[in-house]
Amino acid sequence: MRILYFDCFSGISGDMILGSLIDAGLKLSILKKELSKLNIGDFRLKAEKVKRLNFWGIKFDVHCSKKKRYTKIEEVFSLIRKSSLDPDIKRTSVSLFKRLEEKEKAVHGGEKEGLSLDQLGEVDSIIDIVGSAIAFKELGIEKIFVSKLISGTKIGPATLELLKGRDIEYINEPFELVTPTGALIAASFAEKEELPPPFRIERTGYGAGKWNLKSQPNLLRAIIGETNPKHILGNGAEQDSVYVLETNIDDSSPMVFERLFERLYKIGCLEAYITPVQMKKSRPGIVLTTLAGKEIIDEAAKIIFEETTTFGIRMHKVDRFKLRRKTKIVKTKFGNIRANIGYLGKEIMSVTPEYEDCRKLAIKNKVPLKQILKEI
């Protein structure tokens, strides 16, 4: 998987994002060609190498012959949808502006109609947002990670609304280091601060902000790499990390576990199971084990507390190997069945049919389940 990690040690803004990605290999000519499909009039893109304290980065700027401004969000939606941009880029760009619309409404008391875009309706801001979507597509980025954000003492209400739920650290610099555009892109592609999994670094780039700070360089660092663990582990398997939530229970009714598992799987837990154990005072009990991604561990823990009698949950992060998975539709004489195919590198290791598909076809065709399994 190709990933992008933004190290926001000195803030993040739209021009810093594009500057860092140009420094990391995005061609300015391609960006210009794609942005021209927006039909927003005459504009010129400039990418200049500048110095911030003792470090160099790319300062990205947009120059327009006529200062055009879109005052309503609907105008921008129309502009994007009528363009000849790639459909994926259109969807990404529209979703970014929809998120912006939602947060702006929250700041302005939930207005339903006539939302004004203020500075974000200017051509350079639209280019920053749509240009970022173009850049991610062009560079083949599949997942984005964003570090903790460092902010100056100046920060706008829309920016704060966009960053709800994220960690932020202030430094004593009287500048707007985190802009609404930067916050929009950071919050939309990486909901929470999260470090990337192990990966091989392919490219790095630095985007320069407009400020000359006293304490540190006003730069955004972009790191692009590949998480395919065959480069790291040598066995061809993929690797990721999950969290294990575990608790011992000896005083819950067995009836609660069906509902518990139903709720855990509904929010996206990977596994939930119980193991019988003997506990203190020779009581029979169980160990409840749940595997979940980082983004849902808070919700999973809340469900466990709500549905069981436990007073505490142990939690730890584990790394795991996994086969690369593809789902294929297999046509059989009984009907179509989904099959999960597991690859180690290019070699097929496992083929597992979807049980529910098999069960439904066994009922429909009035044959034993094992006959369906044998057929697939």
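The analysis underlying the following values was restricted to heavy atoms, covering all of them including side chains, and did not include hydrogens, waters or symmetry mates. Throughout, residue positions are numbered sequentially from 1 according to the sequence presented.
Lys90 places a side-chain N or O within donor-acceptor distance of the main-chain N or O of Ser83, the cut-off being under 3.5 Å. Counting only distance, with no hydrogens or angles, the side chain of Thr92 and the backbone of Ile89 share no donor-acceptor pair below 3.5 Å.
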Please walk me through it: do Leu373 and Cys358 pass side-chain contact (heavy atoms from CB on, under 4.5 Å)? CA-CA 7 Å; Leu373 296 172; Cys358 296; 3.9 Å; yes
Before giving the answer on salt bridge (charged side-chain N to carboxylate O under 4.0 Å, His left out), spell out for Arg2 and Glu226 the whole-Å C-alpha distance, their side-chain angles and the decisive distance to 0.1 Å. CA-CA 5 Å; Arg2 194 170 177 79; Glu226 177 63 52; 5.0 Å; no
side-chain hydrogen bond (donor to acceptor under 3.5 Å, both in side chains) between Thr290 and Glu246: does it pass, once the steps are laid out? CA-CA 6 Å; Thr290 304; Glu246 196 174 71; over 6 Å; no
As a quick check of understanding, evaluate side-chain hydrogen bond (donor to acceptor under 3.5 Å, both in side chains) for Thr181 and Asp128, giving each step before the final call. CA-CA 7 Å; Thr181 310; Asp128 286 346; 5.0 Å; no
Ile40 and Ile127: CA distance, side-chain angles, deciding distance, side-chain contact (heavy atoms from CB on, under 4.5 Å) verdict: CA-CA 9 Å; Ile40 51 176; Ile127 283 177; 3.8 Å; yes
Please assess Ile80 against Phe97 for the test side-chain contact (heavy atoms from CB on, under 4.5 Å), listing each intermediate value before the final yes or no. CA-CA 10 Å; Ile80 295 168; Phe97 276 101; 3.8 Å; yes
Test side-chain contact (heavy atoms from CB on, under 4.5 Å) applied to Ser20 and Ile22, step by step: CA-CA 6 Å; Ser20 69; Ile22 290 167; over 6 Å; no
Between Lys137 and Asp88, does the salt bridge (charged side-chain N to carboxylate O under 4.0 Å, His left out) criterion hold? Intermediate values first, please. CA-CA 8 Å; Lys137 178 81 173 178; Asp88 287 341; 2.6 Å; yes
Show your reasoning for whether salt bridge (charged side-chain N to carboxylate O under 4.0 Å, His left out) applies to Lys37 and Glu34. CA-CA 6 Å; Lys37 296 176 182 178; Glu34 290 300 309; 3.1 Å; yes
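To the nearest 0.5 angstrom, Ser93 atom OG is 6.5 Å from Leu85 atom CG. Put simply, CD1 on Ile126 and CG on Leu79 are 6.0 Å apart, with the number rounded to the nearest 0.5 Å. Within the model, atoms CZ of Phe199 and OG1 of Thr227 stand 9.5 Å from one another, a figure rounded to the nearest 0.5 Å. Within the model, atoms CG of Asp251 and OG1 of Thr309 stand 3.5 Å from one another, a figure rounded to the nearest 0.5 Å. Taking CG of Leu21 as the start and CG of Leu31 as the end, the distance is 9.5 Å to the nearest 0.5 Å. The line from OH of Tyr5 to NZ of Lys143 is 13.5 Å long, rounded to the nearest 0.5 Å.
Using a cut-off of 4.0 Å between Lys/Arg side-chain N and Asp/Glu carboxylate O, Lys266 and Glu262 are scored as not salt-bridged. Note on Glu307 versus Arg263: salt bridge recorded, some NZ/NE/NH1/NH2 to OD/OE distance being below 4.0 Å. Residues Lys72 and Glu74 are not paired through a salt bridge, judged by the lack of any N-O separation under 4.0 Å between the basic side chain and the carboxylate.
At a threshold of 4.5 Å between non-hydrogen side-chain atoms, the residues Leu4 and Ile223 do not count as touching. In this structure, the side chains of Ile341 and Arg325 stay at 4.5 Å or more apart for every pair of heavy atoms. At least one side-chain heavy atom of Val242 sits less than 4.5 Å from a side-chain heavy atom of Arg320.
Evaluation of the salt bridge (charged side-chain N to carboxylate O under 4.0 Å, His left out) rule for Arg359 yields Glu356 as partners, not counting sequence neighbours. By the salt bridge (charged side-chain N to carboxylate O under 4.0 Å, His left out) test, Glu375 is found to be paired with no residue, residues two or more places apart in sequence or in another chain being considered. The side chain to side chain contact (heavy atoms under 4.5 Å, CB included) test applied to Asn212 returns Arg52, not counting sequence neighbours. With sequence neighbours excluded, the residues forming a salt bridge (charged side-chain N to carboxylate O under 4.0 Å, His left out) with Glu161 are Lys164, listed by chain and number. Remark: Lys148 pairs with Glu169 by the salt bridge (charged side-chain N to carboxylate O under 4.0 Å, His left out) rule, at least two apart or across chains.
Under a hydrophobic clustering in which Ile, Leu, Val, Met, Phe, Trp and Tyr are joined whenever their side-chain heavy atoms come within less than 4.5 Å, directly or via other members, Phe334 and Ile363 fall into different clusters. Criterion: ILVMFWY side-chain heavy atoms under 4.5 Å apart, direct or through other members. Under it, Leu139 and Tyr206 are not part of a common hydrophobic cluster. In the hydrophobic clustering of this structure, Val94 groups with Val123; members are Ile, Leu, Val, Met, Phe, Trp, Tyr whose side-chain heavy atoms approach within less than 4.5 Å, directly or through other members. Hydrophobic clustering of Ile, Leu, Val, Met, Phe, Trp and Tyr side chains at less than 4.5 Å, counting indirect connections, unites Tyr170 with Ile12. Transitive grouping of hydrophobic side chains (ILVMFWY, heavy atoms separated by less than 4.5 Å) brings Leu270 and Val318 into a common cluster.
Clustering of Ile, Leu, Val, Met, Phe, Trp and Tyr side chains at separations under 4.5 Å places Trp211 together with Ile150, Ile171, Phe175, Leu177, Leu213. Taking a 4.5 Å side-chain heavy-atom cut-off between Ile, Leu, Val, Met, Phe, Trp and Tyr, the cluster of Ile286 extends to Tyr243, Leu245, Ile249, Val256, Phe257, Leu260, Phe261, Leu264, Tyr265, Ile267, Ile274, Leu288, Ile296, Ile297, Ile303, Ile304, Phe305, Ile313, Met315. Residue Ile30 is found outside any hydrophobic cluster, as its side-chain heavy atoms come under 4.5 Å of no other Ile, Leu, Val, Met, Phe, Trp or Tyr. Through direct or relayed side-chain contacts under 4.5 Å between Ile, Leu, Val, Met, Phe, Trp and Tyr, Met279 connects to Val277, Val287.
With a 6.0 Å radius and a threshold of 12 heavy atoms from other residues, nucleotides or ligands, Phe55 has its CZ atom at or below the threshold. Enclosure of atom CZ in Arg314 by more than 12 non-hydrogen atoms of other residues, nucleotides or ligands within 6.0 angstrom is indicated.
Cation-pi geometry between Lys32 and Phe43 is met: under 6.0 angstrom from the ring centre, within 45 degrees of the axis. Arg324 forms a cation-pi arrangement with Tyr343, by the criterion of a distance under 6.0 Å to the ring centre and an angle within 45° of the ring axis.
Evaluated for a side chain to side chain contact (heavy atoms under 4.5 Å, CB included) with Cys8, the options Leu219, Val178, Ile168, Leu149 yield exactly one hit, Leu149.
For residues 130-164, the pairs satisfying ring-ring contact (aromatic ring centres under 6.0 Å, His included) are Phe136-Phe189, with sequence neighbours left out. Applying the side-chain hydrogen bond (donor to acceptor under 3.5 Å, both in side chains) test to pairs two or more places apart or on separate chains, those with a residue in residues 329-339 are Arg338-Asp357. Residue pairs meeting the salt bridge (Lys or Arg N to Asp or Glu O under 4.0 Å) criterion with at least one partner in residues 270-295, sequence neighbours excluded, are Asp250-Arg283.
With no hydrogens or angles considered, no side-chain donor-acceptor pair links Thr179 and Ser13 at under 3.5 Å. Side chains of Thr308 and Ser252: a donor-acceptor N/O pair is absent below 3.5 angstrom, by distance only. With no hydrogens or angles considered, no side-chain donor-acceptor pair links Asn340 and Thr352 at under 3.5 Å.
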